[in-house]
Amino acid sequence: MSASNKHALTLRLVHWINVPLICLMIWSGILIYWANDIYPGFFPQWFYDAFKIPYRLAEGMALHYLVGWGFVINGLIYLVWFFCSGHWREVLPTPVDLKYALPTVLHDLGLRKKAPPQARFNAVQKLAYTGAIAMGVLVTLSGFAIYKPVQLAWLTSVFGGYEGARFIHFLMTVLLSAFIIVHIVQVVRAGWNNFRAMVAGFEIDEAGRD
Amino acid sequence: MTDSLRRRSLISFFVFGLGMAAFVAGFFILRAQPLVQGTPKPFREVMELNGKIWKKFEKASRQNFAEPPPKGKIPRVNGDVGLAKQVDPATWKMEVIADDADPEARPVFVTLKEIMKLPRTDTALNFRCIEGWSEDMAFAGVKFSDFMKAYNLKGKAYVGLTTVDGKYYVSIDIESMLHDQTLLAYEMNGLPLKHGNGAPLRLVIPNKYGIKNLKQIGKIFFSDTRPPDYWAEIGYDWYAGL
């Protein structure tokens, strides 16, 4: 039995710092959204009541515009590292990954016996992680477009105006939340060795692999 | 698993747990700080810092233009603090104080007729409420900068405004008040202002949230220190810039 290094320290730090930050951003975002919940029926009343969300707009904004800076700075550190370290080569999907995407999903669902060949990340992981990065960038840019629609009017117009930017900001949050849920399910399914690698950095090589 | 790996794993999880606990503890410590105007101090300080940062990059040339809605379109009415009583535009007078620190300074009283004699400015903007909604609205009135010139007001760092009954009040930085689209407005969507929208005279300020667009003005005063602000006192950002 031997071990190999899997995740770089920078990646692990940025990832785990992002966890509380994104939780607080989503939570404070819901406090803000309640004040003008224009997408009908998205959050039912019992949800608002259960988490005591009503009438906390001021608190939500105070939190959002404090934690937001942390989210932006942490995200920028990640993006710089992503490109400088060459990590992007392992994450950004290639045409081959598109071909393997469906077989990988079928394998995950137990509908296909053999897993398609992969490097560090499989085809669906690459697509999902790349999507999450894109959503993180879009949620940030659309956030600034709503935050300063006069000062950053050019950015707001990129998103089709103020209401357009609000919609993109909301949609990206929903998609990121969906990503997080699937991500957690997959991590639980992958087991302890995989999870430990994200904390301690190393992975025990299993017999028959590598 | 070798001892060295076990050790590495243990240390990593210890640091991981410590870090997460520090985050949670830090969050609750921040929240437990004494309140400054309805908000824990660190949050208030970051709000003020954010205001300063964005003000640094503010340019008077940045406008908030929108297509004017069709004449007579009923605008949304939102918020009735300070509007308990209707005011007769014929007898209404606005009190203007050039320097709130000068006990010698006599207030000037201005009627609606006098306001309407000043140069008229028309503008249409996307009005944005801090709650999240927005609506294109057209306004007509006198530019605040033209009003200051006409009444020979020198200005101070801050402008304070209150409703006729004094129950709603805001304070705004002078730079935003001097913006080209900042009006003392008496018309909305092509019709005389209605009570719910702030008759007889209201403030329209394009680079601030709706909360600063005070209705039914009773008093305007200039000050070197920041006058009280209704929403900033109950936890909202004072700068409220867009």
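Note on naming: letters A, B, ... go to the chains in the order of the sequence lines (proteins, then strands), and numbering restarts at 1 for each one.
Most heavy-atom pairs under 4.5 Å with chain A: of the set B:Trp54, B:Tyr236, B:Phe65, this distinction falls to B:Trp54. Most heavy-atom pairs under 4.5 Å with chain B, from the set A:Trp69, A:Trp34, A:Tyr65, A:Tyr147: that is A:Tyr147. Contacts with chain A were tallied for B:Asn50, B:Ile11, B:Val46, B:Thr39; B:Asn50 has the most, counting heavy-atom pairs under 4.5 Å. Ranked by heavy-atom pairs shorter than 4.5 Å toward chain B, the options A:Ile146, A:Asp37, A:Leu24 are led by A:Leu24.
Applying the 6.0 Å contact sphere to CZ of A:Phe82 captures more than 12 heavy atoms from other residues, nucleotides or ligands. More than 12 heavy atoms of other residues, nucleotides or ligands lie within 6.0 Å of CG in A:Asp49, so this atom counts as buried by the packing criterion. For A:Phe43, the CZ atom counts as densely surrounded, since its 6.0 Å shell holds more than 12 non-hydrogen atoms of other residues, nucleotides or ligands. For B:Lys59, the NZ atom counts as loosely surrounded, since its 6.0 Å shell holds 12 or fewer non-hydrogen atoms of other residues, nucleotides or ligands. Enclosure of atom CD in A:Gln45 by more than 12 non-hydrogen atoms of other residues, nucleotides or ligands within 6.0 angstrom is indicated.
B:Phe16 touches chain A through its side chain: at least one heavy atom from C-beta onward sits under 4.5 Å away, while N, CA, C and O do not. Contacts between A:Ile17 and chain B at a heavy-atom distance below 4.5 Å involve backbone atoms as well as side-chain atoms. Looking at B:Asn126, only its side chain comes within 4.5 Å of chain A, counting heavy atoms on both sides. Neither the backbone nor the side chain of B:Leu49 comes within contact range of chain A; no heavy atom of the residue lies under 4.5 Å from a heavy atom of that chain. With a threshold of 4.5 angstrom between heavy atoms, A:Pro20 approaches chain B through side-chain atoms but not through N, CA, C or O. Both the backbone and the side chain of B:Phe57 come within contact range of chain A, judged by heavy atoms closer than 4.5 Å. With a threshold of 4.5 angstrom between heavy atoms, B:Trp231 does not approach chain A through any atom at all. Residue contact with chain A, scored on non-hydrogen atoms closer than 4.5 Å, is absent for B:Arg44. Interface remark: B:Pro40 contributes no atoms to any contact with chain A (heavy atom separation under 4.5 Å).
Residues A:Val19 and B:Phe23 fail the side-chain proximity criterion, which asks for heavy atoms closer than 4.5 Å. With a 4.5 Å cut-off on side-chain heavy atoms, B:Glu131 and A:Ile32 do not count as touching. Annotation: side chain of B:Arg31 is in contact with side chain of A:Glu59 (closest heavy-atom distance under 4.5 Å). In this structure the side chain of B:Phe27 reaches within 4.5 angstrom of the side chain of A:Leu63, judged on heavy atoms.
Rounding to the nearest 0.5 Å gives a distance of 6.5 Å between OG of B:Ser9 and CH2 of A:Trp192. Taken from CD in A:Gln151 to CZ in B:Arg62, the straight-line distance is 5.5 Å, to the nearest 0.5 Å. B:Ser12 OG to A:Arg196 CZ: the interatomic distance, rounded to the nearest 0.5 Å, is 10.0 Å.
Scanning all heavy atoms of the two residues, the minimum distance from A:Ala3 to B:Leu5 falls at CB-CD1, 3.4 Å. Of all non-hydrogen atoms in B:Gly132 and A:Asn36, the two that sit nearest each other are C-OD1, 3.4 Å. Closest approach of A:Val150 and B:Gln63 over heavy atoms only: CG1-O, 3.9 Å. The heavy-atom pair separating B:Met47 from A:Ala62 by the smallest distance is CE-CB, 3.5 Å. Residue A:Leu66 comes nearest to B:Pro42 through the heavy atom pair CD1-O, 4.3 Å, listed as atom of the first residue, atom of the second, then distance.
Ring geometry, A:Phe195 versus B:Phe13: the interplanar angle falls from 30° to 60°, so the pair is classed tilted.
Using a cut-off of 4.0 Å between Lys/Arg side-chain N and Asp/Glu carboxylate O, B:Arg128 and A:Glu163 are scored as not salt-bridged.
In this structure, B:Trp133 has its ring center at least 6.0 angstrom away from the ring center of A:Tyr33.
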